[in-house]
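First comes the structure, then the notes that go with it.
Treat the numbers as computed from the prediction; the structure is a model and nothing was measured. Convention: sequence-line order gives letters A, B, ...; per-chain numbering from 1.
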There are 2 protein chains.
Amino acid sequence: MTVTIYDVAREANVSMATVSRVVNGNQNVKPATRKKVLEVIKRLGYRPNAVARGLASKKTTTVGVIIPDISSNVYAELTRGIEDIATMYNYNIILANSDQNEDKELQLFDTMLGKQVDGVVLMSDEVTPALHDAIEASPVPVVLAGSIDESHTIASVNIDYFAAAYEALSHLLKRHNKVAFISGPENYTVNSGYKIPAYQKALQEKNMEINEHYIIKNIVNYDESVQAVNELINSGNAPTAYFAGNDEIALGIVHALYDNNLQVPTDVEVISFEDTKLARMVRPQLTSVVLPLYDIGAVAMRLLTKLINKEDVEELTVVLPHRIEERDSTKG
Amino acid sequence: MTVTIYDVAREANVSMATVSRVVNGNQNVKPATRKKVLEVIKRLGYRPNAVARGLASKKTTTVGVIIPDISSNVYAELTRGIEDIATMYNYNIILANSDQNEDKELQLFDTMLGKQVDGVVLMSDEVTPALHDAIEASPVPVVLAGSIDESHTIASVNIDYFAAAYEALSHLLKRHNKVAFISGPENYTVNSGYKIPAYQKALQEKNMEINEHYIIKNIVNYDESVQAVNELINSGNAPTAYFAGNDEIALGIVHALYDNNLQVPTDVEVISFEDTKLARMVRPQLTSVVLPLYDIGAVAMRLLTKLINKEDVEELTVVLPHRIEERDSTKG
DNA sequence: TAACTGCTTTAAAACGTTTTGTCACTATGC
DNA sequence: GCATAGTGACAAAACGTTTTAAAGCAGTTA
């Protein structure tokens with residue numbers, strides 16, 4: 001039915017091993033033989049069976065990608081970076097959504113190992129102990145992309161979230177003393193371990209008291225952001241500047257302010273943290289910390305290829321540079 | 001090194017076949033034997049090798065997903081639908097970006113067949129003849145998601161783009177006679193074959209002349225949309241209503257109007273076509289044709305599972321319902 | 001001419017499963 | 001007590017490659 005390496009070998013009067021060498025670009029084949037085999041391959045329409053190859057070679061040229069939710073802008077952008085580099089190094093990716101659920105993460109990880117992936121890129125807001133253990137026990141390399149492992153024993157690619165948040169906050173604190181932080185999920189390590197501490201430190205250094213009402217946690221989407229800001233405004237002690245956990249939150253902030261007839265940046269300033277293309281698709285366009293999502297994905301995948309090939313890697317924990325893109329939601 | 005089915009068989013004093021039956025839930029195993037085997041599996045930490053299984057059974061429980069660009073909102077949402085249903089039916093997905101490039105599409109398709117996927121979901125703005133032929137020659141089922149095959153010989157899931165566009169346009173034509181259509185790429189079959197003809201028909205039925213300047217083709221992003229609208233306004237014969245090819249274009253339209261001090265919907269009305277979450281993340285929120293992206297992906301994957309299992313399928317070309325969500329960018 | 005060298009090529013084992021044909025055993029019916 | 005089903009389990013082949021050890025071969029060298 002389907003054409004196998006055996007058929008090619010027979011037609012070309014060579015052994016399977018020789019066909020295998022030709023297919024895999026091994027140099028130990030006489031040019032004349034190579035030509036003959038190539039012709040037969042073309043004539044018969046032979047397509048190597050990657051599954052059989054995987055079984056024999058113990059390599060699948062496939063890596064697993066576990067992601068909270070591909071329909072989120074952020075993770076989609078990260079994934080694009082991963083996939084591009086994967087393609088460059090001739091890997092395919094098996095993609096699966098975890099919905100940030102530990103059980104699913106563990107189960108997906110196991111499934112992927114069962115499928116004999118050569119490595120895994122993992123994105124997770126929180127690397128739980130069970131997940132940590134599973135990764136440590138993995139027979140293939142694992143790299144975290146845009147995710148924090150607090151033990152720092154697992155390879156990962158991130159930016160310095162603390163410094164980035166601190167800079168953004170300092171920017172606002174130059175002109176404001178009522179600065180709110182509308183944050184994403186509290187169990188997201190980047191929030192609990194870096195952004196919120198950065199907020200606290202930035203205020204403390206200005207000898208300002210921390211008003212807990214100005215730290216709104218667990219805002220997960222646009223609507224919740226709009227609502228949170230409305231509540232802040234109606235509280236009678238409205239902030240004059242906002243630091244947004246991400247662009248979607250920032251959009252909610254800007255629109256809630258607009259709905260309350262507050263001008264940005266004249267009346268209120270806003271800085272976001274992400275800089276997806278959304279940041280430029282609002283009026284006013286958002287000043288934002290640039291989270292290089294594509295690069296994080298790409299570097300993570302590149303790192304994974306090195307680990308797979310057992311190449312020397314200088315540092316397992318890579319920190320990419322960040323910067324603040326000044327646009328129209330701040331006074332500059 | 002790694003635990004194989006053979007190790008389990010030896011430890012449990014049964015044959016490999018029996019272990020295989022237990023693992024695969026085959027009923028022809030005595031409960032006592034099953035229990036014994038299960039215990040050994042647990043004790044040894046046996047994890048079946050899906051690659052070996054794939055070779056022996058000729059099934060990989062993996063499907064290929066070829067997508068123009070995962071970092072696009074639209075395709076990410078479609079993919080989420082695909083992946084959810086894939087998971088439900090115990091499939092994994094191999095995801096790859098084609099960048100809408102025919103060569104890449106063909107090559108990815110070939111790679112996936114080489115990896116012995118059980119089926120493929122394909123998204124492509126244009127099913128070229130070469131791609132069509134490759135699909136027809138495929139040894140495994142292929143389903144198009146949100147993509148048009150003009151020969152209608154390939155399984156596909158879509159909405160009635162013509163009717164949807166026609167309805168949106170009719171809506172605008174009730175109050176306007178200067179209606180522009182800011183369209184996406186012309187080589188996207190949905191545009192060239194359905195939306196533009198719908199525009200023409202809607203105008204003709206009102207006995208209105210078609211002003212070619214009001215059909216702006218090949219607008220691929222927010223910035224181009226902003227620019228196109230600015231040019232239209234500066235032309236001295238500005239439209240009073242816009243039909244946007246998608247939400248990103250619509251955002252560009254709204255912001256360009258805003259920049260030109262035109263009020264939406266008071267001065268100008270806008271209808272979008274897509275209704276991603278972006279549509280609600282603008283002021284004013286967008287009236288939009290609802291493109292059920294998640295559902296298209298989900299239904300496409302469900303259809304694929306049926307085809308893989310050789311179940312009877314009533315209709316290869318499925319058309320999902322659409323509707324218009326009225327929000328604030330039109331007068332209703 | 002015989003031994004040696006270095007390059008090609010081969011035959012066969014290995015990879016870890018599923019699946020098929022067969023056999024052994026138990027319970028049933030007469 | 002004997003043939004008859006029906007279960008449950010086994011042995012071995014098959015899946016389509018890669019890889020390893022060994023052999024073949026042509027050209028050198030002494």
Listed by chain and number, what are the side-chain contact (heavy atoms from CB on, under 4.5 Å) partners of B:Lys58, not counting sequence neighbours? none
So which protein N/O to nucleotides 23-28 of chain D N/O distances come out below 3.5 Å?
none

Restricting to salt bridge (Lys or Arg N to Asp or Glu O under 4.0 Å), what partner residues turn up for B:Lys30, sequence neighbours left out? none
If you round to the nearest 0.5 Å, how far is CD1 of A:Ile82 from OH of A:Tyr294? 10.5 Å
Contacts of type salt bridge (Lys or Arg N to Asp or Glu O under 4.0 Å), residue B:Asp295, not counting sequence neighbours: none
Sequence-distant partners of B:Lys59, salt bridge (Lys or Arg N to Asp or Glu O under 4.0 Å), two or more places apart: none
Residue list, side-chain hydrogen bond (donor to acceptor under 3.5 Å, both in side chains) with B:Thr111, at least two apart or on another chain: none
In short, the helix from C:dT1-D:dA30 to C:dC30-D:dG1 is bent end to end, axes from five pairs each side, to 10°, by 60°
Strictly under 4.0 angstrom, non-hydrogen atoms only: write out the protein contact profile of nucleotides 8-17 of chain C, one letter per nucleotide from the 5' end, B, S or -. SBBB---BBB
According to salt bridge (Lys or Arg N to Asp or Glu O under 4.0 Å), who are the partners of B:Glu126, at least two apart in sequence or on a separate chain? none
Contact list for residues 135-157 of chain B, test salt bridge (charged side-chain N to carboxylate O under 4.0 Å, His left out), sequence neighbours left out: none
Sequence neighbours left out, what passes side-chain hydrogen bond (donor to acceptor under 3.5 Å, both in side chains) with B:Tyr161? Give chain and number order. B:Asn158
Pairs in or reaching into residues 90-105 of chain A: which pass side-chain hydrogen bond (donor to acceptor under 3.5 Å, both in side chains), with residues at least two apart or in two chains? A:Asn92-B:Lys115, A:Asp99-A:Lys104, A:Asp99-B:Arg80, A:Gln100-A:Ser124, A:Gln100-A:Asp125, A:Glu102-A:Thr128, A:Glu105-A:Ser124
